[in-house]
Amino acid sequence: MEVDVLLFGAAATREKSDRVTVVVGAEPTVQDVLRALHAQHPDLRFALPPVETGRLAVNQSFVRGGHPIREGDEVALITLVGGG
Amino acid sequence: MEVDVLLFGAAATREKSDRVTVVVGAEPTVQDVLRALHAQHPDLRFALPPVETGRLAVNQSFVRGGHPIREGDEVALITLVGGG
Amino acid sequence: MPSLHPVVIARVVDGSLMPKVERAALLGEGWNPASDVSRPCAPGVVGAVLRFEGIVRRGERSEAHGGDERELLALDYQTYDPMAECELRALARQIAEEHALSSLTALHSRGRVAVGEVSFVLIVKSPHRAEAIAAMSAFIDRLKQDVPIWKKPVWK
Amino acid sequence: MPSLHPVVIARVVDGSLMPKVERAALLGEGWNPASDVSRPCAPGVVGAVLRFEGIVRRGERSEAHGGDERELLALDYQTYDPMAECELRALARQIAEEHALSSLTALHSRGRVAVGEVSFVLIVKSPHRAEAIAAMSAFIDRLKQDVPIWKKPVWK
């Protein structure tokens, strides 16, 4: 299955794009997508959290670990924010 | 020599007066006045600083230790302030 | 007697916040004062009001220039909507309850904010000073971790 | 680029401070803006504005009543003049320089301030947030040690 991951800030600047695609197995979890980002987009490692404890935004909520990613979910990498 | 010491706040409330008088020797220092306050006005001990390190306001400036008190100086006990 | 249900307002607003803070940001854009301020504090409960304004500075370190300070015209704040406002509001409620505040108001800019203009406002009211300061520090620290807002420099 | 000669205003003012803060306390009573604000900050230097207001609360512990909270009408602030304003000003200058602030304004009431009214205002401006928060906390801690102001409760 392919998952599009939205990028922002320094991650988007590095990739020169507002998203990247990763290839994962069937019934992937947040950890699977993070592992795939580390392996398939090494340029993003400066912005990637650890696979075991890191989080993604799925449908605009933070989730971690074994949370499932389903077809059609909106998946985003939210790191290095800079508000305030 | 007699020294008038101005009181404020809880110290004035306790003494029911805005000043007390202490009797000290010739050429007194801040420590001498503090020592005399401890001895001659035990009701004020709750508000009195230690003799060695404590301060008084003399002519509206904080001074300590061996600072001399002269005839006509304005001497005040400034403790337990509560601004802000 | 701290309020157990503090009044909380948290908004993401287009552009510079001042002088909107006092007018449009709180009163305009569909915000209904009656719903948000339904439980006004009893007079005499609040002992401390703390207000923080973040202002865009002229100098910002540029990673593309070896970390030297370069001169800015503005910052462009990118927000992931509507998550940014949802997280801002969730953070506001959590901090207000954890610190037993009487109220918390947080406003953050979206889009371009020029040098010298205000991009973030936090107003905290509480019975005592200590909780207000602790709440403000905690809010800003968590904002920088959890609220999806990014800033992009617009160099001179 | 922190200002080495921060703008400092420190005043003791009769009665409640609000809405005087924005008007009379700063502009009236002989205070000359030209002399105090002779070195305005360059735009874009200040990144953080922090404003604290202390408000008289309705409940205050009464020592004469075993430490229970009793209801207040007002606080009477007694100041040892002119030492109170001199110490307030000295403290303001010291904190502003120690923390490399751009400016510091401190106002404290003298006399009666009713419940719900403002008796103390501190406004700190600095390049970054951390110094502003540190300066505010340091100022208030030192105020309570060194500035000869006492409060006397006026019970209901």
Side-chain angles (χ1 to χ4, degrees), chain C residues 1-2 17-18 21-22 40-61 69-75 102 113-141 143-144 151 153 156, chain D residues 1-2 17-18 21-22 40-61 69-75 102 113-141 143-144 151 153 156:
Chain C
M1 183 177 53
L17 292 176
M18 299 293 275
V21 169
E22 316 298 354
C41 301
V45 170
V46 172
V49 178
L50 193 52
R51 178 189 178 114
F52 175 83
E53 292 172 11
I55 298 173
V56 177
R57 298 179 65 233
R58 196 180 39 192
E60 181 89 358
R61 290 194 200 291
E69 281 223 343
R70 285 181 64 195
E71 199 160 339
L72 274 182
L73 281 180
L75 287 177
S102 301
V113 181
V115 165
E117 294 193 333
V118 176
S119 60
F120 174 61
V121 172
L122 178 64
I123 305 168
V124 165
K125 301 187 184 184
S126 70
H128 299 100
R129 169 176 59 100
E131 304 101 342
I133 296 175
M136 191 189 69
S137 293
F139 189 96
I140 299 176
D141 289 345
L143 173 76
K144 290 174 180 292
K151 55 188 179 190
K156 193 164 184 175
Chain D
M1 186 177 51
L17 292 175
M18 300 293 275
V21 169
E22 317 297 354
C41 302
V45 170
V46 172
V49 177
L50 194 52
R51 177 189 181 115
F52 175 82
E53 292 172 9
I55 298 173
V56 177
R57 297 179 64 234
R58 194 180 41 191
E60 181 89 358
R61 289 191 202 294
E69 282 224 342
R70 283 182 66 194
E71 200 160 337
L72 274 183
L73 281 179
L75 287 177
S102 301
V113 181
V115 165
E117 293 192 335
V118 176
S119 61
F120 174 61
V121 173
L122 178 65
I123 306 168
V124 164
K125 301 187 185 185
S126 69
H128 299 101
R129 170 174 59 99
E131 304 100 342
I133 295 175
M136 190 189 69
S137 293
F139 189 96
I140 298 176
D141 289 346
L143 173 75
K144 289 174 181 293
K151 55 187 179 190
K156 193 165 183 175

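Convention: sequence-line order gives letters A, B, ...; per-chain numbering from 1. Basis for what follows: all heavy atoms, side chains included, without hydrogens, waters or symmetry-related copies.
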Taking every non-hydrogen atom, the tightest pair across Arg129(C) and Asp141(D):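 Of all heavy-atom pairs spanning Arg129(C) and Asp141(D), the closest is NH1-OD1, 3.7 Å.
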side-chain contact (heavy atoms from CB on, under 4.5 Å) assessment of Arg58(D) paired with Val45(C): CA-CA 6 Å; Arg58(D) 194 180 41 191; Val45(C) 170; 3.8 Å; yes
Side chain to side chain contact (heavy atoms under 4.5 Å, CB included) partners for Ala138(C), two or more places apart: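 Only Ile95(C), His99(C) meet the side chain to side chain contact (heavy atoms under 4.5 Å, CB included) criterion with Ala138(C).
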Structural part of Val115(D) lying under 4.5 Å from a heavy atom of chain C: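 Side chain only.
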Largest heavy-atom contact set with chain C, pairs under 4.5 Å, which of Ala130(D), Gly47(D), Gly116(D), Ala132(D):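 Highest number of pairs under 4.5 Å: Gly47(D).
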Reported CD-to-CZ distance for the pair Glu53(D) and Arg51(C), which is rounded to 0.5 angstrom: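 Nearest 0.5 Å value for the CD-CZ distance: 9.0 Å.
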Per-residue contact mode, Leu50(C) against chain D (heavy atom under 4.5 angstrom):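 Both the backbone and the side chain of Leu50(C) come within 4.5 Å of chain D.
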side-chain hydrogen bond (donor to acceptor under 3.5 Å, both in side chains) against Ser119(C), all qualifying residues, sequence neighbours excluded: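 Expected list: Tyr77(C).
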